[in-house]
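Side-chain atoms are counted along with the backbone in the values below, which use heavy atoms only and exclude waters and symmetry mates.
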Amino acid sequence: MERDLSDRIYLDHAATTPMLQEAIAAVQDGMAAWANPSSPHAAGRAARAQLEGARSRIAAAYGWAHELVLTSGASEALHLALARSVAERRLITAVEHDAVLRCSEGAGVLPVDAGGLLRLDALRAALARDGRTLVCIQWANSETGVRQPIEAVAHIVHEAGGLLLVDAAQMPARADAAVLRHADLVAVSAHKRGGPPGIGALLVRDFAALMPSGGQEKGYRSGTENLPGALGYAAALEVPEDLAHLTGLRRQLEDRILSKGGEIVGAKSPRSPLIGAYRMPGVSAAAQLIRFDLAGIAVSAGSACSSGSMRPSHVLSAMGWSEPELREVIRVSFGRSTDAIEVDRFADLWSGIAAEAGARAA
């Protein structure tokens, strides 16, 4: 019998995280402000004032002191930056999200090492070619949690006269000062941080980096502004995330996984405290997902963030993983609601499944 959703354990926060009550209330308030923020009459001006207030709050929550274009989410923000940048060339890493891969036809692809980190020597070599270049790189990989060395990358990119775009969809507010100091463009998302789906932003250091396209958002995006979404986004960002607590929970989980013969993807690399990817030798990710789901636990496969398919992960392939190993990896991701009891329940089941696989192999 299907479990009631309220009785389930949700460990797939990197895909989306539950809306916070503060965000829900803010969206409801925004729905009462029914006027178009671009209309010149009194109702429109009132809606515009609320929209600009939300914009300022979102920027302040991230610690961003420059421009901010509201979008429908991080995917649109990334597309806007990649498509409208004044740079002549594009470079992306081999482990970027599908949202980047889909809009980067013709871009150069930079390799990563076995830990999932960008090879800086390859970046330098690629930037030695003629033409101003936009480099797109993640703050943290959505499958593995591996964090890229943003400050070092920014130094190399700017030294070559290029622009740096950071996909920070998985980044909590104010989680990395290097992004705020060094990135030229930053894509962020509300629904990863407890806000509503359908709203995100592109943080822009200088509009000179982008070609305008007309319409709303100072001429950089067309379409009626999503006032309820912007208010919900601002409200969600103002609720703190206890990253130290979540780091402890991830350590608790990984100690259990290692003790039962599991493998941590990117274990030696800097990683987000919110995301972990784990291999269970001898058990496919598909089989694991079925067992966890039947037990009332939601996790995902390593490639789930791209399309929900079970095709091999391009991220793990780029890190040098071979089949069938990369097909034995699942992703566990934490959020504000995750607690130690949930982590223990997951670890208990993971240990049981791994023990069964070990007994079959013996």
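Not one N or O on the side chain of Asp206 forms a donor-acceptor pair closer than 3.5 Å with the backbone of Ala209. Here the side chain of Asp113 pairs a donor or acceptor atom with the backbone of Gly116 at under 3.5 angstrom. Counting only distance, with no hydrogens or angles, the side chain of Arg279 and the backbone of Leu326 share no donor-acceptor pair below 3.5 Å. Between the side chain of Gln288 and the backbone N or O of Val283 there is at least one donor-acceptor pair closer than 3.5 Å. Under a 3.5 Å cut-off, the side chain of Ser333 and the backbone N or O of Ile275 do not form any donor-acceptor pair. With hydrogens and angles disregarded, a donor-acceptor distance shorter than 3.5 Å links the side chain of Thr133 to the backbone of Gly131.
Counting Ile, Leu, Val, Met, Phe, Trp and Tyr side chains that sit under 4.5 Å apart, directly or through other members, Leu117 shares a hydrophobic cluster with Val146.
With hydrophobic clusters built from ILVMFWY side chains whose heavy atoms lie under 4.5 angstrom apart, Leu80 does not share a cluster with Leu68. In terms of hydrophobic clustering, with Ile, Leu, Val, Met, Phe, Trp and Tyr side chains grouped at heavy-atom distances under 4.5 Å, Val204 and Leu82 are assigned to a common cluster. Hydrophobic clustering places Met280 together with Phe346 (ILVMFWY residues linked when any side-chain heavy atoms are closer than 4.5 Å, directly or through intermediates). By the criterion of side-chain heavy atoms lying less than 4.5 angstrom apart, applied directly or through intervening Ile, Leu, Val, Met, Phe, Trp or Tyr residues, Val157 is grouped together with Leu120 in one hydrophobic cluster. If you chain together hydrophobic residues whose side chains sit under 4.5 Å apart, Trp350 and Phe334 fall into the same group.
Listed by chain and number, the residues in a side-chain contact (heavy atoms from CB on, under 4.5 Å) with Glu254 are Arg250, Ile264, Arg271, Tyr278 (sequence neighbours excluded). Ser75 meets the side chain to side chain donor-acceptor pair (under 3.5 Å) test with no other residue; sequence neighbours excluded. Among residues two or more places apart in sequence or in another chain, the side-chain contact (heavy atoms from CB on, under 4.5 Å) test is passed with Ser351 by Arg256, Lys260. A search for side-chain contact (heavy atoms from CB on, under 4.5 Å) contacts involving Gln138 returns Val95, Glu96, His97, Asn141, Asp167, not counting sequence neighbours. In this structure, Ser259 has no side-chain contact (heavy atoms from CB on, under 4.5 Å) partners at least two apart in sequence or on a different chain.
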### Query
Given Arg291 and Ile297, is the side chain to side chain contact (heavy atoms under 4.5 Å, CB included) satisfied, shown in steps?
CA-CA 9 Å; Arg291 291 287 298 274; Ile297 301 175; over 6 Å; no

### Message
Test side chain to side chain contact (heavy atoms under 4.5 Å, CB included) on Arg193 and Val239; report intermediate values, then the result.
### Response
CA-CA 9 Å; Arg193 308 268 63 85; Val239 179; over 6 Å; no

### Message
Please evaluate residues Phe292 and Ile353 with respect to the criterion side chain to side chain contact (heavy atoms under 4.5 Å, CB included), reporting the C-alpha separation (whole Å), side-chain torsions for both, the decisive distance (0.1 Å), and the verdict.
### Response
CA-CA 10 Å; Phe292 285 118; Ile353 298 171; 4.1 Å; yes

### Task
Determine, step by step, whether Glu67 and Lys218 satisfy the side chain to side chain contact (heavy atoms under 4.5 Å, CB included) criterion, reporting the C-alpha distance in whole Å, the side-chain angles of both residues, the deciding distance to 0.1 Å, and the verdict.
CA-CA 10 Å; Glu67 306 289 348; Lys218 301 184 179 180; 2.9 Å; yes

### Task
Please lay out, stage by stage, how Arg57 and Glu238 fare under the test salt bridge (charged side-chain N to carboxylate O under 4.0 Å, His left out).
CA-CA 8 Å; Arg57 290 165 59 197; Glu238 290 166 352; 2.8 Å; yes

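Salt bridge annotation for Arg129-Glu88: absent, with no cationic side-chain nitrogen under 4.0 angstrom from a carboxylate oxygen. In this structure, Glu143 does not pair ionically with Arg331, as no charged nitrogen and carboxylate oxygen lie closer than 4.0 Å.
Between the side chains of Arg90 and Ser104, no donor-acceptor pair is found at a separation under 3.5 Å. There is no side-chain donor-acceptor pair under 3.5 Å between Gln170 and Ser272.
Looking only at side-chain heavy atoms (C-beta outward), Leu249 and Thr338 come within less than 4.5 Å of each other. In this structure the side chain of Arg221 never reaches within 4.5 angstrom of the side chain of Leu70, judged on heavy atoms. Looking at heavy atoms from C-beta onward, Val86 lies out of side-chain contact with Leu210 at the 4.5 angstrom threshold. Counting only heavy atoms from C-beta outward, the side chains of Leu165 and Val135 never approach each other to under 4.5 Å. Residues Pro228 and Met31 meet the side-chain proximity criterion, which asks for heavy atoms closer than 4.5 Å. Ile137 is listed as a side-chain neighbour of Thr93, based on a closest heavy-atom distance under 4.5 Å.
Closest heavy-atom contact between Ser269 and Gly115: OG-O, 2.8 Å. Residue Leu134 comes nearest to Ser85 through the heavy atom pair CD2-CB, 3.8 Å, listed as atom of the first residue, atom of the second, then distance. The two atoms that bring Trp139 and Ala168 nearest to each other are CB-CA, 4.0 Å, heavy atoms only.
The neighbour count for Glu323 CD, taken as heavy atoms of other residues, nucleotides or ligands under 6.0 Å away, is above 12.
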Which donor-acceptor pairs under 3.5 Å do side chains of residues 43-54 form with protein atoms, sequence neighbours excluded?
{"unit_1": "Arg45", "atom_1": "NH1", "unit_2": "Pro40", "atom_2": "O", "d": "2.7"}
{"unit_1": "Arg48", "atom_1": "NE", "unit_2": "Pro37", "atom_2": "O", "d": "3.1"}
{"unit_1": "Arg48", "atom_1": "NH1", "unit_2": "Glu52", "atom_2": "OE2", "d": "2.8"}
{"unit_1": "Arg48", "atom_1": "NH2", "unit_2": "Pro37", "atom_2": "O", "d": "3.4"}
{"unit_1": "Arg48", "atom_1": "NH2", "unit_2": "Ser38", "atom_2": "OG", "d": "3.4"}
{"unit_1": "Arg48", "atom_1": "NH2", "unit_2": "Glu225", "atom_2": "OE2", "d": "2.8"}
{"unit_1": "Glu52", "atom_1": "OE1", "unit_2": "Arg55", "atom_2": "NE", "d": "2.9"}
{"unit_1": "Glu52", "atom_1": "OE2", "unit_2": "Arg55", "atom_2": "NH2", "d": "3.1"}

If you look only at distance, which donor and acceptor atoms sit under 3.5 Å apart when one is on a side chain in residues 180-190 and the other is two or more places apart or in another chain?
{"unit_1": "Asp184", "atom_1": "OD2", "unit_2": "His158", "atom_2": "NE2", "d": "2.7"}
{"unit_1": "Asp184", "atom_1": "OD2", "unit_2": "Leu164", "atom_2": "N", "d": "2.7"}

What pairs of donor and acceptor atoms, side-chain ones from residues 16-29 against any protein atom, are under 3.5 angstrom apart with sequence neighbours left out?
{"unit_1": "Thr16", "atom_1": "OG1", "unit_2": "His191", "atom_2": "O", "d": "3.4"}
{"unit_1": "Thr16", "atom_1": "OG1", "unit_2": "His191", "atom_2": "ND1", "d": "2.8"}
{"unit_1": "Thr17", "atom_1": "OG1", "unit_2": "His13", "atom_2": "ND1", "d": "2.6"}

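Legend: ring-ring contact (aromatic ring centres under 6.0 Å, His included) pairs involving residues 43-64, not counting sequence neighbours, sorted by first then second residue: Trp64-His66. Evaluation of the ring-ring contact (aromatic ring centres under 6.0 Å, His included) test over residues 192-218, restricted to residues two or more places apart or in two chains, returns Phe207-Tyr220. Under the ring-ring contact (aromatic ring centres under 6.0 Å, His included) criterion, no residue pair touches residues 30-51, with sequence neighbours excluded.
Going from atom CG of Asp121 over to atom CG of Leu110 covers 10.0 Å, rounded to the nearest 0.5 Å. With rounding to the nearest 0.5 angstrom, the CD1 atom of Ile199 is 8.0 Å from the OH atom of Tyr233. Interatomic distance, Leu78 CG to Leu202 CG, rounded to the nearest 0.5 Å: 8.0 Å. In this structure, CZ in Arg345 is found 10.0 Å from CG in Asp339, a value given to the nearest 0.5 Å. To the nearest 0.5 Å, atoms CG (Leu274) and CE (Met171) are separated by 11.5 Å. Atoms CG and CD, from Leu127 and Glu159 in turn, are 10.0 Å apart once rounded to the nearest 0.5 Å.
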